[in-house]
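Just below is one structure, and these are the notes that go with it.
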Amino acid sequence: MQAVIEAKLFDKPGELLELLEPIARFNGNILSVSHIRELKSAGKIPARIELEVPDRRAFGDIINALEKKIEISNAKLNDIVEIKRKSFAVLLLGHVMDSDANDTIKRIVKCGASVSSFYLGIKNLELPSTAMLWVHIDDKKYDALMEELDKIAKEKKLMVIVE
Amino acid sequence: MIKDDWCGSMKNLKIYLVGFGNIGVGFAKILAKKAEAYRERYGLNILLTGISFAEGSYVSGKGIPLDEAIGYATARKLQKHKLYTNESFDDVIGKVDADILVEATPTNIDSGQPGLKHINAAFDRGMHVVTSNKSIVVDFHKLVECAEKAGLEFKYEATVGGGIPIFSMYRQCLQSQDVISIRGILNGTTNYILTRMYEDGLSFDSALQQAKEMGIAEANSSYDVDGIDSTAKLVILSNAILGTNHRYKDVKREGIANISLEAIQMAKKHGFAIRLIGQSDGRHLVVKPRLVSVRSPLNVGGTLNALEFETELLDTLTIVGKGAGSIESSSAVMSDVISIGSRC
């Protein structure tokens with residue numbers, strides 16, 4: 001069976017190996033690997049692997065193993081989309097800490113998303129601050145997350161700027 | 001249909017111009033400069049047979065001398081011209097001999113007036129219409145229907161993206177496929193402000209002040225800064241290209257006034273710029289600040305506009321160009337006029 005896996009890798013030594021190792025372990029046969037440095041964005045490089053897998057179960061094993069280590073954006077088996085994820089940055093402006101940043105992240109995660117990084121810019125506790133986070137979510141849950149972000153913005157008087 | 005009005009091998013194309021401000025005068029300037037080229041290249045002898053403005057009108061079946069009219073407009077002495085009468089649009093529309101109405105009055109998002117009245121009156125009298133007026137957003141589909149029923153052309157290239165030929169490109173180059181979604185920077189003023197904040201580390205207020213001093217922003221900047229202008233353009237784009245029937249109020253809108261320099265710097269540190277983006281997938285229309293990767297084709301600086309079409313067969317197609325500006329908009333109006341003149 002023909003498969004395609006697209007992932008976003010950190011720009012650090014050994015990251016590509018992390019992607020390739022489970023494929024070999026579950027008897028995947030790699031046909032091609034693209035690792036496109038020119039498209040590096042927000043510290044991550046997109047990679048695309050075309051491979052053959054013995055059956056659907058092997059494909060599932062590979063995906064499960066990969067998901068523990070790296071961020072998969074798309075996966076197809078025999079041209080049928082199995083995974084389609086969006087990964088994007090979100091900027092929060094306002095009283096991010098005072099409005100309970102922990103609660104904000106929990107509400108994002110409750111929508112089925114994962115948050116991989118959180119950066120906070122704060123000059124003075126009394127002044128508005130800025131936070132940036134990276135969010136990953138299944139394509140089908142994206143609209144619900146956007147609605148939740150709108151609610152969070154209104155309730156907490158934050159400005160939410162999405163990639 | 002253009003009346004058969006030939007002068008030798010030349011076809012006379014008579015224009016009634018309503019609105020003699022920046023775009024109207026810009027249109028007259030382009031015509032003054034390029035009239036000979038249009039005669040040679042397209043066989044079109046373009047004549048301004050009427051001009052109406054707030055204080056009155058000029059009318060001449062033989063064609064209004066352009067340099068004189070431009071001179072009086074520039075000197076703000078329109079009433080001193082020998083052709084001046086205090087007749088209004090309502091007086092002139094019934095008697096002016098014209099094939100095309102060029103509507104270049106200011107936009108009124110709320111009522112659409114007086115632009116809509118001018119356009120409807122022109123259709124009633126069998127004139128084609130070319131407009132730069134975003135008031136068409138108020139009644140877009142009715143205007144398109146009126147034109148179709150009457151067998152007339154209705155063109156509005158100058159309403160979105162200034163000099164970028166968005167609608168012409170769509171009609172001429174993308175007929176083979178559907179456009180799935182549209183997104184882009186639709187307002188040059190806000191893009192200029194965000195660029196100065198990003199590149200020079202200016203606060204929002206300082207960047208806005210600079211934009212005003214350079215004549216890029218109006219004294220009342222709300223129309224640009226609050227995303228009103230982008231919203232009107234997005235509705236026109238969505239209705240014209242995605243075939244939707246949305247109105248101004250259907251758009252979720254947020255402007256750029258609350259964007260801090262700290263936010264711009266945080267985004268920059270992580271490889272992003274903040275841009276005011278309008279986007280429509282046909283169901284949801286949104287104008288909001290967005291993080292745009294610095295490598296994205298949409299990340300254009302200064303007063304540039306950029307528009308990305310997600311298409312059925314070509315994946316994404318991005319076009320970039322100068323947005324607002326009287327010459328850019330006037331040039332788009334002239335292209336529409338020539339397009340009508342060449343086809344009819």
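Values in this document were obtained by computation on a predicted structure and should not be read as measured data. Letters go in sequence order (proteins before strands), and every chain restarts at 1.
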**OP:** Test side chain to side chain contact (heavy atoms under 4.5 Å, CB included) on A:Met132 and B:Leu291 and set out the steps.
**Re:** CA-CA 11 Å; A:Met132 189 145 190; B:Leu291 293 168; 3.8 Å; yes

For [X], I'd like to know if atom [atom1] has over 12 heavy atoms of other residues, nucleotides or ligands within 6.0 Å.
| X | atom1 | result |
| --- | --- | --- |
| B:Lys268 | NZ | yes |
| A:Asp79 | CG | no |
| B:Lys212 | NZ | yes |
| A:Lys106 | NZ | no |
| A:Glu126 | CD | no |
| B:Asp139 | CG | yes |

Quick one: what part of [X] sits under 4.5 Å from any heavy atom of chain A, side chain, backbone, both or neither?
| X | result |
| --- | --- |
| B:Glu254 | side chain |
| B:Ile277 | neither |
| B:Lys269 | neither |

Original post:
At what distance, to the nearest 0.5 angstrom, does OG1 of A:Thr130 lie from CD1 of B:Ile259?
Top reply: 11.0 Å

**OP:** Measure the NZ-CE distance between B:Lys252 and A:Met146 for me, rounded to the nearest 0.5 Å.
**Re:** 10.0 Å

Original post:
Pick one: which of A:Leu93, A:Leu91, A:Leu92, A:Leu120 meets side chain to side chain contact (heavy atoms under 4.5 Å, CB included) with B:Met266?
Top reply: A:Leu91

**OP:** Specify the closest pair of heavy atoms between B:Arg290 and A:Glu163, including all atoms of both residues, with the distance to one decimal.
**Re:** NH1-O, 4.0 Å

Subject >> Least distance between heavy atoms, B:Lys288 atom then A:Asp150 atom >> reply: NZ-OD1, 3.6 Å

Subject >> Contacting moiety of A:Tyr119, where chain B heavy atoms sit under 4.5 Å >> reply: both

